[in-house]
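The block underneath contains the structure these notes are about, expressed in structure tokens.
Model, not experiment: these values are computed from the prediction. These numbers come from the heavy atoms of this one structure, side chains and all, not from hydrogens, waters or symmetry mates.
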Amino acid sequence: MIMKTSFVAAVVAVMSAMVTQAHVGLKTPCSRGQPAAGCPAPPPGSSFDYDINSPIGTHDSIGKPICKNTVPYTTRKVYRAGETISTDYTVGASHGGGHCQWALSYDEGKTWVVIKTMIRECLRGVSGGDKYTIPVQIPANAPSGKATFQWIWNNAVGNRELYSNCADIEIQGVNGGSISGVEPLYANYGPSSVYIPEFPEANMPDNHEAFAKRKAITVRAPGSGPGPAPKPTTTTKPAPKPTTTKPTKPTTPSKKPNPKPTKTTATKKPVKPTKTPTKKPAKPTKTKPTKKPTKPTEAPNHNKHKHNEYHSKHCF
């Protein structure tokens, strides 16, 4: 049993050494089929990929699927949103460097969003067998859930090829979070793909303009619901409603009471009582005292006539 185990380990070591003689492959996080030490065993239905550093296609033909190995791993390394992954690679030949992209998917590779792009300088100057590390940060608003981490490389020198590996990870992020960015560019991947020529020298065209034309996309974890992007829209929409209606209503009553007291002419009412008291005292002073004293002077004259009439009637 011990001899069998040691024999398998020796075979794995030899095959791993053979891998380093090829091109480049993603080692950390452990990509699917990665035979390097420390990576988990492949799930049922798959096996170690001892040619993991080889390309998945050229501009003439497509050789392998985008992730190269399609069976997801059940063992996943956990990362936190906002954490930086120190990606590591097995380098056999760097082919003068080139363009690299790193992307995430939450639906098993149906949709991808790029989280980092490196133009021209990726793997440049790296020799076979060298340790090569690139830091790649997971977005701070990345959703929580199982995800697929993808590395994509278009080499600068040699055949017009595309390299890609995928690693199965888990992200502890934001519930209902989302990642907005662009879709990956799979250049030199079949005759209908974008063509990137060789660019061994710095002044040679590398078609980096094609990366600026990548389509925008927003990725969410399945079943996580809407991300935080629509929430501010619900809070901002009711905000203008109280501001537009409430200030207009108090302005209208403030204008109505102001003209009413001014139109009632508070000055005209006190003017009328001032005119009436001046006319009433003037009438009794002029007419009443002059007519009343004349009447008592005429009253004794009538009595005299009545006495004479009585005397004349009785004397005859």
Side-chain angles (χ1 to χ4, degrees), residues 15-16 18-36 39 46 48-71 85-105 109 112 114-136 148-169 182-200 206-208 210-211 214:
M15 297 304 292
S16 298
M18 292 175 63
V19 168
T20 60
Q21 301 303 317
H23 307 285
V24 180
L26 176 64
K27 180 182 177 182
T28 305
C30 291
S31 57
R32 296 172 183 172
Q34 176 60 255
C39 290
S46 63
F48 284 117
D49 184 2
Y50 295 103
D51 197 21
I52 198 167
N53 286 16
S54 62
I56 63 172
T58 66
H59 192 266
D60 296 327
S61 63
I62 296 174
K64 294 287 184 178
I66 288 298
C67 282
K68 197 172 191 293
N69 296 289
T70 57
V71 180
I85 303 175
S86 182
T87 64
D88 187 17
Y89 304 85
T90 54
V91 182
S94 63
H95 296 294
H99 308 318
C100 284
Q101 303 170 83
W102 292 264
L104 284 175
S105 174
W112 297 91
V114 175
I115 59 175
K116 183 169 183 173
T117 302
M118 195 172 183
I119 302 297
R120 294 189 71 99
E121 299 303 319
C122 185
L123 290 162
R124 183 177 291 274
V126 180
S127 301
D130 289 349
K131 181 179 177 62
Y132 184 69
T133 303
I134 289 291
V136 179
T148 307
F149 181 84
Q150 183 184 38
W151 164 72
I152 310 163
W153 172 44
N154 285 111
N155 57 311
V157 179
N159 296 331
R160 301 297 76 219
E161 298 169 330
L162 178 67
Y163 296 78
S164 177
N165 294 135
C166 291
D168 298 296
I169 64 174
V182 294
E183 297 179 349
L185 173 65
Y186 300 109
N188 295 341
Y189 188 58
S192 61
S193 64
V194 174
Y195 180 74
I196 295 179
E198 285 190 270
F199 50 98
D206 56 8
N207 199 13
H208 65 275
F211 290 88
R214 291 173 293 182

Find out whether [X] and [Y] are in side-chain contact, i.e. whether some heavy atom of one side chain is under 4.5 Å from a heavy atom of the other.
X      : Y      : value
Trp151 : Cys100 : yes
Phe199 : Arg120 : yes
Ser31  : Ile52  : yes
Phe211 : His99  : yes
Met118 : Val136 : no
Val114 : Glu183 : no
Thr133 : Tyr89  : no

- Message: Walk me through whether Asp88 and Lys131 qualify under salt bridge (Lys or Arg N to Asp or Glu O under 4.0 Å).
- Response: CA-CA 7 Å; Asp88 187 17; Lys131 181 179 177 62; 3.1 Å; yes
Listed partners of [X] passing side-chain contact (heavy atoms from CB on, under 4.5 Å), at least two apart:
X      : answer
Ile85  : Pro29, Tyr79, Thr87, Ile138, Phe149
Ser192 : none
Ser46  : Pro42, Pro43, Val71
Asp130 : Val126, Ser127

- Message: Whether Lys68 and Asp49 form a salt bridge (side-chain N of Lys/Arg under 4.0 Å from carboxylate O of Asp/Glu) is what I want to check.
- Response: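 Counted as a salt bridge, because a side-chain N and a carboxylate O are separated by less than 4.0 Å.
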- Task: Please name the pair of heavy atoms, one in Ala36 and one in Lys27, separated by the smallest distance, quoted to 0.1 Å.
- Result: CB-CE, 3.9 Å
- Task: Hey, could you give me each pair passing side chain to side chain donor-acceptor pair (under 3.5 Å) that has a residue in residues 55-67? Not counting sequence neighbours.
- Result: none
- Task: Mind checking salt bridge (charged side-chain N to carboxylate O under 4.0 Å, His left out) for Arg214 and listing every partner two or more places apart, or none if nothing turns up?
- Result: none
- Message: Can you see whether Thr90 engages Asn53 through a side-chain donor-acceptor pair at a distance of less than 3.5 angstrom?
- Response: yes
